[in-house]
Each structure stands twice: as C-alpha cells, then as structure tokens.
Amino acid sequence: MRADVTLEWGGETLTLLHERALWWAGGKTLFIADPHFGKAATFRFSGIPVPDTSHEDDLERLSHILTMTAAPRLVILGDFLHAKAGRNEEMFQALTAWRERHAEIEIVLVEGNHDRHAGAPPEELRITCVKGPWRLGAFHCRHEPQEDAEAQVLAGHLHPAFRLSDRMGTSLRAPCFHFSPRVCILPAFGSFTGTHCMSSTEKDRVFLVGPGSVMEVPSRG
C-alpha cells in the first residue's frame, strides 16, 4: 500500500510521491529534479568501474509514476544530464526508447548547472529547454533554490536529505522534500546521486522519503 503525502502549499494541493517526485494535480504536472542521466557513464569514463544500470531503473520508475498520475506534462527542475563525458550511445538509446513510450507527454527542462556543461538533450527526445525562473501557474520553476517575491518556488540542485537521531546515538539519513514558506526543494530523482544534509527551522517542513512511503519529520518548534 502506498503512503504518499498530500498537502496544501502556496494555495495549491501537492502530492509528495515516494518515488522522489511531486504531483500537482491542479496543474496536471509531474515534477522531478536532478536525474543526472549519464553519471555512471561519466565515472566509467574516468576509469572508475561502476555498473551502468541506474538510468534504466530510473526510467522505469519515471514511467510508473507518469502512468499512475496520467500526467500530460513533466517538468524537470534541472540537471537532466550529468556531464559531457556521460553522453554515450547506450544511454541515449534507452532515453529515446523511453520517450517513444511516452510520446504524448510534454517535457520541459529548466536548465541546471550540469545541463549547461553537459549540453542540450538530443532533439529526438523533444524536450523544451527553458531558463529559470520559469513561470507555471502558481509557481516559479528553477534549478537552484532561491526565494522569489512574486511566486512560490519549486527547485532542486541541493539533493536534500535529513538526519534523524535517537537518544541512543542511532541515526538515520534519508532523502527528503524540504519546504520553507516560499521554496520547496525536491529530492534528487536519480538513484546514482549523493545527498546534502539539510537543517530546518520552526517555519520549515521536512518530509523523509523511504521505500514505499513519505513521512513528515515532527517540527522542532
């Protein structure tokens, strides 16, 4: 049984999916951040032997939630590709085959710092590339989180995680959705990415992402 979280933020209803994606039903849009396709290939290019199956797993996970939500639009909040060195034929064949399975979906990429170095996605993927902040309904979409006086911001870039500790000194660190009053930072969608441990204030809300569930961290305020 799924255990996702639905909340009101910025006057809109958002659902935080444990697949590390955000579903905005009112705007019929699915959001992800930081898939970093080609990162494993970049490591291998540098002589570090790592398996190159992460992109296949991530694409299957993305297919699952696109089908589940019936989303007509996918917005990627930056870092679609990891680096120029990771632009290999095998990965692009997998991406092209995946795109053909979801040919009817509009895909928008809000350019991230890695995208600027890796280069634009191939034309056959039919991805519209925009620079942030990009306005979509109630939200400004961007890669790097930054408050905006004109709209609520959806962003990525930081690969947010949060650490919980108990009195015995045992700790748990997991990816998270991090909400401040005006900025929501999505967890990195890519399975082959690192994380950055976030702090929180009494005004923030943090939602840990686990295998099969999303759980809000109790407020420290």
Side-chain donor-acceptor pairs under 3.5 Å in residues 5-13, sequence neighbours left out?
{"from": "Thr6", "atom 1": "OG1", "to": "Thr15", "atom 2": "OG1", "distance (Å)": "3.0"}
{"from": "Glu8", "atom 1": "OE1", "to": "Thr13", "atom 2": "OG1", "distance (Å)": "3.2"}
{"from": "Glu8", "atom 1": "OE2", "to": "Thr13", "atom 2": "OG1", "distance (Å)": "2.4"}
{"from": "Trp9", "atom 1": "NE1", "to": "Ser180", "atom 2": "O", "distance (Å)": "3.3"}
{"from": "Glu12", "atom 1": "OE1", "to": "Trp24", "atom 2": "NE1", "distance (Å)": "3.0"}

## Note on the structure
Output for pair (Leu17 CG, Ser213 OG), nearest 0.5 Å, gives 12.5 Å
### Query
Per the side chain to side chain contact (heavy atoms under 4.5 Å, CB included) rule, which among Val206, Leu16, Ile185 passes with Phe177?
Leu16
### Task
Would you give the length of the straight line joining atom NE2 of His143 to atom CG of Leu154, rounded to the nearest 0.5 angstrom?
14.0 Å
#### Entry: Carboxylate-amine/guanidinium proximity below 4.0 Å for Glu106 and Arg73
yes
### Query
Does the side chain of His178 pick up a donor-acceptor pair with the side chain of Ser200 at under 3.5 Å?
no
### Query
Taking only residues two or more places apart in sequence or in another chain, which ones pass salt bridge (charged side-chain N to carboxylate O under 4.0 Å, His left out) with Arg101?
Glu60
#### Entry: Where at least one partner belongs to residues 125-136, residue pairs that pass salt bridge (Lys or Arg N to Asp or Glu O under 4.0 Å), sequence neighbours excluded
Glu111-Lys131
### Task
With rounding to the nearest 0.5 Å, note down the distance linking CG in Asp34 to NE2 in His36.
4.0 Å
### Query
Is the closest side-chain heavy-atom distance between Val214 and Leu208 below 4.5 Å?
no
### Message
Test your reading of the model: is there a side-chain donor-acceptor pair from Arg163 to the backbone of Cys197, 3.5 Å cut-off?
### Response
no
### Query
Could you state the interatomic distance from CG (Leu74) to CG (Leu30), rounded to the nearest 0.5 Å?
5.5 Å
### Query
Do the two ring centres, one from His196 and one from His157, sit under 6.0 Å apart?
no
### Task
May I ask you to decide if Phe189's main-chain N or O and Arg20's side chain share a donor-acceptor pair within less than 3.5 Å?
yes
### Query
So, the side chain of His140 versus the backbone of Gln152: is there a donor-acceptor pair under 3.5 Å, distance only?
no
#### Entry: CA sep, side-chain torsions, deciding dist, call: Arg61, Asp57, side chain to side chain contact (heavy atoms under 4.5 Å, CB included)
CA-CA 6 Å; Arg61 181 159 43 97; Asp57 296 338; over 6 Å; no
## Note on the structure
Separation between CG (Leu22) and CG (Leu186), nearest 0.5 Å, reads 5.0 Å
#### Entry: Under 3.5 Å donor-acceptor, Asp79 side chain and His114 backbone
yes
### Message
Contact between Pro35 and Ile76 at the side-chain level, heavy atoms closer than 4.5 Å - yes or no?
### Response
yes
### Task
Ignoring hydrogens and angles, tell me if any N or O in the side chain of Thr29 forms a donor-acceptor pair with the backbone of Gly27 under 3.5 Å.
yes
### Working for salt bridge (charged side-chain N to carboxylate O under 4.0 Å, His left out), residues Arg205 and Glu216
CA-CA 7 Å; Arg205 298 180 71 180; Glu216 184 167 11; 2.8 Å; yes
### Message
I want to know whether Phe162 and Phe207 have ring centres closer than 6.0 Å.
### Response
no
